[in-house]
Trainee: 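Okay, here's the structure, questions in a sec.
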Amino acid sequence: MTKNEGFYKDLLSTSKNVASPLVDAIFNTITEGIMVTDPNKVILTVNPAFEFVTGYKASEAVGNKPYLLQSGMHSKEFYIEMWEEIDAFGKWSGEIWNRRKTGEIYPEWLTIMAIRDEENTLLHYCGIFEDLSEKKTAENTIQKHMNTDTLTGIVNSYSFSKRMEVLLSGSEDKQFLHALLFLDLDRFSQINETLGHSVGDSLLMKVVERLTPLIRNKDILARYGGDEFVITMTNLHNPKEAVQLAEKIIRIFEEPFKLDEHQVYITASIGISLYPNDGDNTEILINRAVKAMEFSKRNGRNQFAFYFDDLKLETNKGILIDHELRQAIKNNDFTLNYQPKVDLKKNAVIGFEALVRWNNDKLGFVSPGIFIPYAEETGLIIPLSELIIEQACLDWIKLDRLGNGHLSIAINISSIHFHQENFIDSIQQILERNNCSPRNFELELTERTVMNNERETIRKLVLLKQLGFKLSIDDFGTGYSSLSYLVQFPLNYLKIDQSFIQLIGSLNEKQAVVDAIIQMAHRLHMEVIAEGVEQKEQVELLRNMGCDMIQGYYYSKPMPIREAIDYLEFWKLEIEGK
């Protein structure tokens with residue numbers, strides 16, 4: 001509006017208020033509404049834009065006063081202060097709500113100027129305004145998108161954090177408790193991978209439909225990201241109220257979700273933190289609720305847990321693991337242990353599986369079940385895997401020098417590492433650097449790895465097979481097993497998960513499953529390796545079923561390369577003695 005102020009001052013200060021044709025054309029075509037009054041605030045003239053915005057014709061406005069447009073939304077004091085500013089400074093600008101002829105209330109940006117002559121005599125008041133309705137609508141739409149999860153329509157993480165700031169800032173007396181429940185859907189990624197993301201999205205919307213009726217008006221339900229949701233319960237008198245909600249959430253997941261032709265069962269793991277007991281800001285409360293949720297997930301899923309003191313130690317330990325793991329990768333502080341694989345027909349060791357071990361000065365022995373998932377989560381699994389492959393090459397060379405070069409070493413390959421674009425190039429470079437052949441190595445992949453991006457997986461597996469690597473599927477039967485990939489993928493071995501082997505001596509059902517897996521694999525020209533074998537009875541059963549190879553504590557625990565070499569010598573002596 002300020003860009004036209006000088007023009008209108010010149011226009012209205014003329015003695016006869018007569019403009020040139022150019023000025024008259026601008027006055028009649030400009031998009032801002034214009035209203036000119038005399039010193040007594042009686043409307044003298046308006047432009048076409050005024051008529052368009054307000055709905056009043058010029059004939060209806062002229063002779064009236066501006067209160068014709070008042071919406072009733074501003075107080076008497078508002079108008080007194082506005083006119084005092086105009087009288088003092090000759091101008092006022094601001095946002096104001098006015099009323100159209102139809103009765104509709106709308107926002108506008110209004111500038112009112114006092115027009116005076118050279119002798120400072122007041123001639124006119126000129127109001128110039130812009131209708132802000134569309135702009136406000138657009139701003140509201142943008143604001144809604146900023147604050148709302150586009151898929152489910154509930155609060156998003158950004159808006160949740162803002163609302164939590166307001167909530168906690170008004171809770172300084174800490175008279176009431178607030179509970180934060182962090183909810184993560186169990187095995188949601190498997191649904192996405194097997195049924196598709198559209199089904200996964202439909203499931204998330206159904207989850208929100210079930211959660212929403214459980215939320216009180218003053219509480220907050222938000223989608224925090226992916227398959228994670230967060231609920232804030234406000235002004236609690238007792239933590240039991242959070243327990244009751246968590247139990248209700250667990251129950252609503254008992255019924256299957258019907259998604260078109262699919263019927264999906266899914267559970268949730270929930271972590272709970274309390275304000276002010278567990279933290280006094282949103283970030284800490286979220287972090288501690290997540291820790292509690294992870295505890296629930298590790299201990300069986302489909303349950304809830306409060307944040308507790310032991311998890312504080314775990315949080316500190318997590319920070320320490322991150323630092324020490326990075327240093328260990330930098331310094332190559334890992335060792336490999338080797339567990340022999342025995343051919344049942346030949347009664348001979350035909351290879352070893354390499355298993356990484358980490359013994360840290362500060363942390364002691366760290367289980368692979370702890371540091372491997374952490375390395376995958378942080379991306380450290382890639383440099384760690386490269387170190388493992390490098391060490392496996394060096395250890396195979398030791399075997400070869402002692403006349404055991406015919407034995408192969410099996411290496412577990414992480415899904416994250418396998419799906420890197422340069423995976424094959426990097427593994428080739430390591431072998432070439434150590435003068436090793438792919439024929440001496442077996443790559444073990446999980447079902448989940450090969451089922452992700454099927455076309456790309458087939459391309460890589462075919463290329464690896466052409467290079468000379470042997471390929472196996474590890475832990476068969478624990479994931480979403482599919483006969484289609486067993487047929488399509490160029491696999492050499494199928495490893496039956498130890499959970500099936502452990503009970504084959506006592507459960508006929510387990511025997512039937514293992515026997516079926518062995519026969520199926522043989523029909524598909526694959527050899528079968530049973531892992532986790534610990535008893536002689538299991539060995540005999542597997543031999544009778546036609547299992548090809550065995551791996552487990554019955555023959556040997558995993559051991560360092562020096563002990564593995566000694567084990568081979570002992571095995572040879574045993575065979576020769578017989």
Side-chain angles (χ1 to χ4, degrees), residues 184 186-187 189 269 271 287-288 290-301 305 310-339 352-395 409-420 423 426-427 430 441-449 452 474-475 478-479 495 497-499 531-532 551 553 557-561 563-564:
D184 182 88
D186 299 324
R187 298 188 177 93
S189 59
S269 297
N287 179 269
R288 293 184 172 175
V290 168
K291 292 295 179 186
M293 178 275 294
E294 291 171 345
F295 176 83
S296 296
K297 200 173 281 286
R298 286 196 305 273
N299 286 274
R301 300 184 174 91
D310 286 352
L311 290 179
K312 297 176 184 177
L313 298 176
E314 188 173 314
T315 299
N316 294 333
K317 187 175 181 181
I319 296 171
L320 183 59
I321 285 177
D322 183 88
H323 177 268
E324 293 299 313
L325 184 58
R326 293 177 189 276
Q327 288 299 116
I329 291 173
K330 181 179 179 181
N331 300 327
N332 193 9
D333 290 336
F334 301 91
T335 58
L336 294 184
N337 279 6
Y338 293 90
Q339 188 170 44
F352 293 93
E353 179 181 359
L355 300 165
V356 64
R357 298 291 183 261
W358 181 30
N359 211 330
N360 181 265
D361 292 338
K362 296 179 181 178
L363 296 166
F365 174 77
V366 185
S367 167
I370 293 176
F371 73 83
I372 292 294
Y374 186 84
E376 289 183 325
E377 182 181 328
T378 58
L380 294 173
I381 192 65
I382 297 172
L384 175 58
S385 296
E386 291 175 348
L387 288 178
I388 292 170
I389 297 169
E390 186 95 38
Q391 186 60 51
C393 287
L394 296 175
D395 289 340
I409 291 179
I411 303 170
N412 291 282
I413 300 299
S414 162
S415 174
I416 294 172
H417 191 200
F418 179 81
H419 289 292
Q420 293 292 306
F423 168 71
S426 68
I427 198 171
I430 295 172
F441 294 91
E442 174 188 332
L443 304 183
E444 293 191 2
L445 305 154
T446 64
E447 291 181 68
R448 186 173 179 179
T449 299
N452 188 11
D474 195 11
D475 301 332
T478 60
K495 293 189 75 173
D497 184 68
Q498 60 182 347
S499 62
E531 57 182 352
Q551 180 182 339
Y553 274 45
K557 65 179 181 179
M559 49 196 162
I561 186 63
E563 292 181 25

Trainee: Considering non-hydrogen atoms only, spot the tightest contact between Ile416 and Glu376 and give its length.
Mentor: CD1-O, 3.0 Å

Trainee: State, with a plain yes or no, whether a side-chain heavy atom of Gln391 is found less than 4.5 Å away from one of Ile561.
Mentor: no

Trainee: Taking the side chain as every heavy atom from C-beta outward, state whether Phe371 and Leu384 have any atom pair closer than 4.5 Å.
Mentor: yes

Trainee: Side chain to side chain contact (heavy atoms under 4.5 Å, CB included), that's the test. Do His417 and Ile388 meet it? Break it down for me.
Mentor: CA-CA 12 Å; His417 191 200; Ile388 292 170; over 6 Å; no

Trainee: Taking atom CG of Leu380 and atom CG of Asp322, what is their separation to the nearest 0.5 Å?
Mentor: 6.5 Å

Trainee: Side chain to side chain contact (heavy atoms under 4.5 Å, CB included), that's the test. Do Leu336 and Arg357 meet it? Break it down for me.
Mentor: CA-CA 6 Å; Leu336 294 184; Arg357 298 291 183 261; over 6 Å; no

Trainee: Measure across Ala305 and Phe295 and return the closest heavy-atom pair with its distance rounded to 0.1 Å.
Mentor: CB-CD2, 3.8 Å

Trainee: Look up atom CD1 in Ile409 and atom CD in Glu442, then write down how far apart they are to the nearest 0.5 Å.
Mentor: 11.0 Å

Trainee: Is there a side-chain contact between Asn412 and Leu355 in this structure, where contact means two heavy atoms from C-beta onward sitting under 4.5 Å apart?
Mentor: yes

Trainee: To the closest 0.5 Å, what do you measure between CZ (Phe423) and CD1 (Ile413)?
Mentor: 4.5 Å

Trainee: Would you call the rings of Phe334 and Trp358 parallel, tilted or perpendicular, taking 30° and 60° as the class edges?
Mentor: tilted

Trainee: Of all heavy-atom pairs between Ala564 and Tyr338, which one has the smallest distance, and what is that distance?
Mentor: CB-CB, 4.3 Å

Trainee: Report the distance from atom CD1 of Ile329 to atom OG of Ser385, rounding to the nearest 0.5 Å.
Mentor: 9.0 Å

Trainee: Please evaluate residues Tyr553 and Gln339 with respect to the criterion side chain to side chain contact (heavy atoms under 4.5 Å, CB included), reporting the C-alpha separation (whole Å), side-chain torsions for both, the decisive distance (0.1 Å), and the verdict.
Mentor: CA-CA 9 Å; Tyr553 274 45; Gln339 188 170 44; 3.7 Å; yes

Trainee: State the CZ-CG distance between Phe352 and Asp395, to the nearest 0.5 angstrom.
Mentor: 10.5 Å

Trainee: I need the minimum non-hydrogen distance between Asn337 and Pro560, along with the two atoms involved.
Mentor: OD1-N, 3.5 Å

Trainee: Can you see which heavy atom on Glu563 is nearest to which on Met559, and at what distance?
Mentor: OE1-CB, 3.6 Å

Trainee: Any carboxylate oxygen within less than 4.0 angstrom of a Lys/Arg side-chain nitrogen, looking at Lys495 and Glu353?
Mentor: yes

Trainee: State the NZ-CG distance between Lys330 and Asn332, to the nearest 0.5 angstrom.
Mentor: 13.5 Å

Trainee: Would Ser269 and Asp184 count as a side-chain hydrogen bond (donor to acceptor under 3.5 Å, both in side chains) here? Give the steps.
Mentor: CA-CA 5 Å; Ser269 297; Asp184 182 88; 5.9 Å; no

Trainee: Going by heavy atoms in the side chains, are Glu386 and Glu390 under 4.5 Å from each other?
Mentor: no

Trainee: Walk me through it: do Ile389 and Ile411 pass the test side chain to side chain contact (heavy atoms under 4.5 Å, CB included)?
Mentor: CA-CA 7 Å; Ile389 297 169; Ile411 303 170; 4.2 Å; yes

